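When a ligand or atom number is given, it counts from 1 through the structure's own listing order. For clarity, every value in this text was computed on a predicted model and none was experimentally measured.
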Amino acid sequence: MKRFLTLPIFLSGLSAACATVIAPKVVIVDFYNDEANIWHGIPEFDLLEQNISIPGLSSMYPHIHCTADGEICQLITDEGEINAAASTTALVLSPSFNLTNTYFLLAGDAGINPKVGTLASVAFARFSVQVALQYEFDARERPEGSPTGYIPQGTTAVGDYPSFIYGTEVYELNDALRRHAIGFARNATLNDSASAQAYRATYAADPENLPATLEPSILSCDTATSDVWFSGKILATAFENAMDLFTNGSAKYCTTQQEDSGVLAALARGDVHGLVDFGRTISMRTASDFDRPAPGQSASDNLFNGQDAGYDAAVMNIYLAGVQVVQGILRGWNHTFADGVEPKNYVGDIRRTLKGTIPPDFGPGA
Ligand SMILES: *[C@@H]1O[C@H](CO)[C@@H](O)[C@H](O)[C@H]1NC(C)=O
Ligand SMILES: *[C@@H]1O[C@H](CO)[C@@H](O)[C@H](O)[C@H]1NC(C)=O
Ligand SMILES: *[C@@H]1O[C@H](CO)[C@@H](O)[C@H](O)[C@H]1NC(C)=O
Ligand SMILES: *[C@@H]1O[C@H](CO)[C@@H](O)[C@H](O)[C@H]1NC(C)=O
Ligand SMILES: *[C@@H]1O[C@H](CO)[C@@H](O)[C@H](O)[C@H]1NC(C)=O
Ligand SMILES: *[C@@H]1O[C@H](CO)[C@@H](O)[C@H](O)[C@H]1NC(C)=O
């Protein structure tokens, strides 16, 4: 009975995927199962109506999920910078999809800087910076005068602008689009939890951490991408300084995660060939933990024991805030989003690979 019922659905899904190219209005980009599953079984739309297998995805997440009408899809890249770039590249190059008008909503959880925000907050970034793309010495062997083992590549001192540029150091997103997304997300009633409240209260002893002690909210602040999952004030400060240096003071160090710049690298390359519009990208991260310990706590205690307090609320808020963004884009499609949101800032990478008339206010300069 069960098999008899599901067979026709499976076949129609398969033939639709083969016969027609899917041109989604929104692709939600998640990075692992909890972030992905929070979108499944929701009342607003059903991402499991089509499962499309394409070569090059992670073996853990081998399908792109889409609604029956193909308007909303979901890519699950798997975790870390390499998985993020490889899986996104697979989607960008897939002949099963036409992504020229697609909005990409990067929607994952993150660590957060307690000087800027708190557990369960939702942060929309304009900059994603690959902060650990640097020289590294073990801290016990670091050069004299250096606060950590990290030194920008091609330099000999921590404050020098990197001179070996790989091209993935900084991505700047469309701020006008970000403002729309923030407006939509503010419509959400964010989740919070007793464990998040208790953990954030431990940060109150240092007045610098005031934002950590407030209720969760929608933030506009930037994101650090790094394969290195770190905890501690010294490294956090080093990466905050790197973000400041790489963006010539424009970025506000706020969330920490392991994928965004990988996804953005693949999307930027796709834009060069007209396969995607990089100006239609939104980076949203919800805070599940802090990037440094509370006063009196050790860095290792924060990392080993502080990851659960805000986790459930952060994952819930990926959906609660994110669904407002998805629906806002669909509702406003005809009058605002179909033609794209005109950026008023530089949009692209550190090498100015993309066309565009506004020059960046960051980068190594001439
Ligand atoms: C798509 O895959 C999910 C599991 O990931 C499954 O629950 C769902 O039924 C599948 N949808 C179709 C149409 O086969
Ligand atoms: C993709 O969609 C756009 C917008 O509808 C259209 O102009 C373009 O021809 C399509 N590309 C392909 C390869 O079908
Ligand atoms: C907020 O949500 C309501 C109900 O879903 C919707 O009608 C309204 O347009 C939304 N407002 C914004 C700014 O997204
Ligand atoms: C957060 O979500 C959980 C799980 O759905 C729910 O039990 C709880 O009541 C929610 N809390 C708030 C403050 O929204
Ligand atoms: C948007 O435009 C399409 C095509 O012209 C039309 O079918 C659709 O009803 C419009 N949607 C809204 C919400 O106005
Ligand atoms: C960014 O800062 C570096 C180092 O001070 C400088 O050489 C470069 O010209 C600046 N870039 C821009 C676009 O102002």
Side-chain angles (χ1 to χ4, degrees), residues 16-27 44-45 52 54 64 66-73 90-104 126-127 129-131 133-134 150-172 175 180 184 222 240-253 267 269-280 324-341 345-354 356-366:
C18 293
T20 59
V21 171
I22 299 179
K25 289 178 176 164
V26 180
V27 170
E44 291 85 358
F45 46 81
I52 298 115
I54 61 172
I64 306 290
C66 295
T67 55
D69 61 10
E71 288 210 332
I72 312 169
C73 295
L91 173 60
V92 167
L93 297 179
S94 169
S96 301
F97 290 87
N98 182 340
L99 304 167
T100 53
N101 287 338
T102 301
Y103 286 81
F104 293 89
R126 176 172 152 196
F127 290 97
V129 180
Q130 197 179 10
V131 291
L133 186 56
Q134 301 198 50
Y150 282 93
I151 304 278
Q153 289 191 153
T155 79
T156 56
V158 71
D160 292 349
Y161 202 90
S163 70
F164 299 166
I165 298 293
Y166 290 2
T168 56
E169 288 82 355
V170 182
Y171 291 94
E172 184 170 352
D175 191 48
H180 280 291
F184 296 140
D222 298 309
E240 175 168 10
N241 291 339
M243 222 156 135
D244 199 56
L245 178 72
F246 290 10
T247 64
N248 293 61
S250 294
K252 183 175 184 181
Y253 170 80
L267 294 178
R269 290 183 185 190
D271 183 307
V272 173
H273 297 277
L275 296 172
V276 304
D277 176 357
F278 188 79
R280 298 184 183 216
Q324 296 287 341
V325 177
V326 174
Q327 291 188 307
I329 291 171
L330 296 186
R331 263 200 313 273
W333 187 259
N334 285 358
H335 55 84
T336 306
F337 296 102
D339 293 339
V341 176
N345 62 304
Y346 173 75
V347 173
D349 62 356
I350 196 170
R351 282 188 186 148
R352 299 191 65 173
T353 305
L354 307 185
T357 48
I358 305 168
D361 59 7
F362 66 89

Q.
Parallel, tilted or perpendicular, judged at 30° and 60°: which one describes the rings of Trp333 and Tyr103?
A. perpendicular

Q | Pairwise side-chain contact, Val129 with Phe362, heavy-atom cut-off 4.5 Å (strictly under) | A | no

Q. Quick one: does Ile52's side chain get under 4.5 Å of Phe97's, heavy atoms only?
A. yes

Q) What are the atoms of ligand 2, with element, lying closer than 4.0 Å to any heavy atom of Thr100? A) 1 (C), 2 (O), 3 (C), 4 (C)

Q. Measuring to protein heavy atoms, does anything land under 4.0 Å from atom 7 (O) of ligand 5?
A. no

Q | Asn334 neighbourhood, listing ligand 5 atoms whose heavy-atom distance to it stays under 4.0 Å | A | 1 (C), 2 (O), 3 (C), 8 (C), 10 (C), 11 (N), 12 (C), 14 (O)

Q: Name the closest protein heavy atom to atom 9 (O) of ligand 2, giving the residue it belongs to and the distance to 0.1 Å.
A: Asn98 ND2, 4.8 Å

Q. So, do Val326 and Ile72 sit near enough that their side-chain heavy atoms are less than 4.5 Å apart?
A. yes

(Q) Looking only at distances, can you tell me whether any N or O atom of Gly363, backbone or side chain, sits closer than 3.5 Å to an N or O atom of ligand 6? (A) yes

Q | Atoms of ligand 6 close to Pro364 [distance to a heavy atom under 4.0 angstrom, numbered from 1] | A | 7 (O), 8 (C), 9 (O)

Q | Pairing residues for Lys252 by the salt bridge (charged side-chain N to carboxylate O under 4.0 Å, His left out) criterion, not counting sequence neighbours | A | none

Q.
Consider side chain to side chain contact (heavy atoms under 4.5 Å, CB included). Of Ile165, Thr247, Thr168, which one does Ile350 pass it with?
A. Ile165

**Q.** Enumerated ligand 6 atoms positioned under 4.0 Å from heavy atoms of Gly365
**A.** 9 (O)

Q. What atoms of ligand 2 come within less than 4.0 Å of a heavy atom belonging to Asn101?
A. 4 (C)

Q | Within-cutoff protein neighbour (heavy atom, under 4.0 Å) for atom 3 (C) of ligand 5 | A | yes

**Q.** salt bridge (charged side-chain N to carboxylate O under 4.0 Å, His left out) partners of Asp277, counting only residues at least two apart
**A.** Arg280

Q. Does any non-hydrogen side-chain atom of Tyr346 lie less than 4.5 Å from one of Arg352?
A. yes

Q) By number and element, which atoms of ligand 6 are closer than 4.0 Å to a non-hydrogen atom of Asn248? A) 1 (C), 2 (O), 3 (C), 8 (C), 10 (C), 11 (N), 12 (C), 14 (O)

Q) Can you find a protein heavy atom closer to atom 14 (O) of ligand 2 than 4.0 Å? A) yes

